[in-house]
Amino acid sequence: MEIKVGQSVMELVEGDITRQDTEAIVNAANTSLLGGGGVDGAIHRAGGPKILEECRQIGGCPTGEARITTGGNLPARYVIHTVGPVYRDGLHREPELLASCYRESLKLATAKGLKSVAFPSISTGAYGYPLAEAAIIALRTVKTYLLEHPEIERVRFVLFGQAAYAAYAAALKEL
Ligand code: ADP
């Protein structure tokens, strides 16, 4: 499923982020940038040790910010590592921090002159962010960014499993 946003396209697919041929893929990392489970583990497994070496050099990333490395052995040329908020009750700046992850990741893509980026559903795995709420924030933030930055031609949300895809599809219809 895809929609036009200004001159750009926002797209939802069900699948595995490590297989995407966009110029960059985004990693749902943790503040250490030294790897973990979920998307993070999958990206480092598929991308090889080069990515972890670059992450080590960077030395960490605060919640809500993003850092960029090369893509190692991945089809994508770059990995943008962003750290989503751990969800507590929604009253600890989680919405603002989650929105910041999407925005800061896209700013790095713009700075590198990239035209296509794939995102996973940040914070909705180990970090416990409710899917429906996270989906609305993700889609709204990316849409706003694309309207101001037509140089990014395509943003793809890669949803892992049917439930995640359904949540994002419902949120996209609400947008
Ligand atoms: P976080 O710690 O930010 O919650 P996780 O990696 O635990 O990050 O989960 C984020 C989301 O990514 C979850 O919805 C999870 O199902 C999904 N996910 C896990 N593996 C992959 C993958 N290979 N590609 C895309 N999404 C994935």
Side-chain angles (χ1 to χ4, degrees), residues 10-88 94 97-131 133-135 137-139 141-142 145 152-165 167-168:
M10 207 160 77
E11 177 186 18
L12 308 183
V13 303
E14 189 181 333
D16 179 348
I17 191 100
T18 65
R19 318 277 293 227
Q20 305 305 311
D21 61 357
T22 44
E23 288 180 279
I25 64 169
V26 176
N27 182 17
N30 57 55
T31 54
S32 77
L33 294 188
L34 295 180
V39 178
D40 203 0
I43 287 175
H44 286 292
R45 269 196 304 280
K50 176 106 191 315
I51 301 173
L52 195 58
E53 185 44 45
E54 288 178 52
C55 284
R56 230 179 247 121
Q57 297 290 326
I58 293 168
C61 177
T63 304
E65 295 188 19
R67 302 288 184 268
I68 191 163
T69 66
T70 61
N73 305 325
L74 294 168
R77 266 202 298 147
Y78 294 96
V79 177
I80 297 169
H81 306 261
T82 189
V83 183
V86 176
Y87 189 86
R88 289 160 69 187
E94 296 97 327
L97 289 166
L98 185 61
S100 176
C101 287
Y102 286 96
R103 209 162 37 235
E104 294 302 313
S105 296
L106 291 173
K107 281 191 202 166
L108 286 177
T110 294
K112 286 274 183 199
L114 308 182
K115 293 183 172 16
S116 58
V117 180
F119 281 99
S121 177
I122 297 163
S123 280
T124 62
Y127 284 2
Y129 213 115
L131 251 178
E133 289 170 43
I137 292 167
L139 295 170
T141 305
V142 170
Y145 190 90
I152 295 187
E153 294 171 0
R154 176 172 297 264
V155 171
R156 179 181 299 160
F157 289 88
V158 183
L159 291 326
F160 201 62
Q162 217 267 315
Y165 183 85
Y168 275 71

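- Contact check for L34 versus R56: side-chain heavy atoms found under the 4.5 Å cut-off.
- The two residues Q20 and P75 come nearest to each other via the heavy atoms O-CB, 3.6 Å.
- Shown here for A134 and T124, the closest heavy-atom pair between the two residues is CB-CG2, 3.4 Å.
- Remark: R19 engages no residue in a salt bridge (Lys or Arg N to Asp or Glu O under 4.0 Å) (not counting sequence neighbours).
- When every heavy atom of A24 is checked against every heavy atom of L114, the shortest pair comes out as CB-CD1, 3.7 Å.
- Side-chain N or O atoms of T18 include none that pairs as donor or acceptor with a backbone N or O of I43 at under 3.5 Å.
- Going from atom CG of L97 over to atom CD of E104 covers 11.0 Å, rounded to the nearest 0.5 Å.
- A search for side chain to side chain contact (heavy atoms under 4.5 Å, CB included) contacts involving L12 returns M1, L139, F157, L159, Y165, Y168, A169, L172, not counting sequence neighbours.
- Counting heavy atoms from C-beta outward, V83 and T63 have side chains that approach closer than 4.5 Å.
- Expressed to the nearest 0.5 Å, how far NZ of K107 lies from CD of E65 amounts to 9.5 Å.
- P130 is listed as a side-chain neighbour of Y87, based on a closest heavy-atom distance under 4.5 Å.
- When atom types are taken as modelled, the side chain of N30 and the backbone of G35 share a donor-acceptor pair closer than 3.5 angstrom.
- Between L108 and T82 there is no side-chain heavy-atom pair separated by less than 4.5 Å.
- Contact detail for R88 and E94: the closest heavy-atom pair is N-OE2, 2.9 Å.
- Formation of a donor-acceptor pair under 3.5 Å by the E54 side chain with backbone atoms of T70 is found in this model.
- The OG atom of S100 lies 10.0 Å from the CD1 atom of I122; values are rounded to the nearest 0.5 Å.
- The closest donor-acceptor contact from the side chain of T141 to the backbone of R103 lies at 3.5 Å or more, if one exists at all.
- Put simply, NZ on K112 and CZ on R77 are 9.0 Å apart, with the number rounded to the nearest 0.5 Å.
- A pairwise comparison of heavy atoms in V39 and P120 identifies CG2-CB, 3.9 Å as the closest pair.
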Could you please spell out the steps behind the side-chain contact (heavy atoms from CB on, under 4.5 Å) verdict for I51 and N27?
-> CA-CA 11 Å; I51 301 173; N27 182 17; over 6 Å; no
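- Residues that satisfy the ring-ring contact (aromatic ring centres under 6.0 Å, His included) test with Y145, not counting sequence neighbours, are H149.
- Of all the heavy atoms in N73 and A46, the pair that sits closest is CB-O, 3.8 Å.
- Ring pair H44/H81 is parallel by interplanar angle, where below 30° counts as parallel and above 60° as perpendicular.
- Under the side-chain contact (heavy atoms from CB on, under 4.5 Å) test applied with V26, the options Y102, F119, Y78 reduce to a single match, F119.
- Using a cut-off of 4.0 Å between Lys/Arg side-chain N and Asp/Glu carboxylate O, E53 and K50 are scored as not salt-bridged.
- Contact check for T69 versus Q57: no side-chain heavy atoms found under the 4.5 Å cut-off.
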